[in-house]
Amino acid sequence: MIEKILSNRNISKACKQVVSNRGSAGVDGMSVEILSTHLKTNWKHIAIAIVHQRYLAQPILGIEIPKENGKKRLLGIPTVVDRLLQQAVHQVISPKFELEFKEHSYGFRPQKNAHQAVQQAQKNIHEGYDYIVDIDLKSFFDEVDHAILLHLLHSKVKCSLTLRLIRKWLIAPIEINGRLTKRTKGVPQGSPLSPLLSNIMLHELDKELEKRGHRYVRYADDFSIYTKSNKAARRVGNSIFLFLKNKLKLPINREKSGICKPVQFQILGHKFVPTYKKGDKGKYQVVVSEKKWKTLKQELKLITKKTTPSTFDQRMAKLKEIHRGWINYFRMASMQSKLKELDS
């Protein structure tokens, strides 16, 4: 397997992907713009070091970014070379796991997206599964147990050199404000491998839910289970809580988890409201959540603020970019009246 990962064709493809993703420099300060040049003079040494088990992953650069709730999320940015190697590994091992991933896992997968997840949630509700177990995993990417994850990886990845690389990336220290901190668990958000590793871990949850015959929707670590009664929802919620705690060692955010009806439920920035149309009892239309509207208003206010240093053309370009992204992401939602309010 390592030969395929380190092949010129695979590395070239990985290099193009990393460069197209752009992204910030890691702890070594190397930018993606000079990656190709760097590889021309250093690739042979990097490949030999990997094959002879001398390659050491560089520390991850930790950057805190604001969340919508006012708190901060820690992103871990590997060096450009480590991002290249992770992308190369991803390209080779991903198809092995993709074959077994479940239909209702929608995050970071080929031909899967957030719109499909929202549509499936709406379908479940319309078919009478309107008692929803909404579970929030507490800091999932920081809590992933390395031993469990590596065991799951070994089921498909038998190459010791590949597993060694992944293990080195998992335990690479993180640099925050100039200080290095050891890492004994978690998968850093910001690396090319983290979405795949999260799906490998939570595929175990998908299998458990399907084995029990439950309806569910999962997008990365965001998942919900759909039942026909409050009693069933409580039973399912309690059993899945124990499965996550005992089998996967993943804690739940109890404050953000619970049982809800469609009007109280939100998924990937969308929520549901009754249609109130004749003959449509029990039917719901998709709308944009209030939190997302608030975020949009804040972004627009910042761009149009007179004290924001930018030209008229720059402002217009940014507004168009936000408008395109917003309309594309929320194209399933009913939002004409709300958009008119923003224009007024």
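Taking the salt bridge (Lys or Arg N to Asp or Glu O under 4.0 Å) definition, one finds that K44 meets it with nothing, sequence neighbours left out. Remark: E210 pairs with K102 by the salt bridge (Lys or Arg N to Asp or Glu O under 4.0 Å) rule, at least two apart or across chains. Remark: P274 pairs with V263, Y276, Y284 by the side chain to side chain contact (heavy atoms under 4.5 Å, CB included) rule, at least two apart or across chains. With sequence neighbours excluded, the residues that form a side chain to side chain contact (heavy atoms under 4.5 Å, CB included) with E204 are L152, K207, L248. With sequence neighbours excluded, the residues satisfying side chain to side chain contact (heavy atoms under 4.5 Å, CB included) with I65 are I63, R73, L75. Considering only residues two or more places apart in sequence or on other chains, T41 meets the side chain to side chain contact (heavy atoms under 4.5 Å, CB included) condition with none of them. Taking N246 as the reference, nothing meets the side chain to side chain donor-acceptor pair (under 3.5 Å) condition, with sequence neighbours excluded.
Screening residues 186-221 for ring pair (Phe, Tyr, Trp, His ring centres under 6.0 Å) gives F101-H203, H104-Y216, F108-Y219 as the qualifying pairs, with residues at least two apart or on separate chains. Contacts classified as side chain to side chain donor-acceptor pair (under 3.5 Å) and involving residues 90-100 (residues at least two apart or in different chains) are given here: N10-Q91, Q87-Q91, E98-R109, E100-K156. Identified under the side chain to side chain donor-acceptor pair (under 3.5 Å) test for residues 12-26, with sequence neighbours left out: Q17-N21.
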May I have the list of side-chain donor-acceptor pairs in residues 130-143 shorter than 3.5 Å, sequence neighbours left out?
| from | atom 1 | to | atom 2 | distance (Å) |
| --- | --- | --- | --- | --- |
| D130 | OD2 | K261 | NZ | 3.2 |
| E143 | OE1 | K185 | NZ | 2.8 |

Distance-only check: which donor-acceptor pairs under 3.5 Å involve side-chain atoms of residues 163-178, not counting sequence neighbours?
| from | atom 1 | to | atom 2 | distance (Å) |
| --- | --- | --- | --- | --- |
| R164 | NH1 | Y55 | O | 3.2 |
| R164 | NH2 | Q53 | O | 2.9 |
| W169 | NE1 | D82 | OD1 | 3.1 |

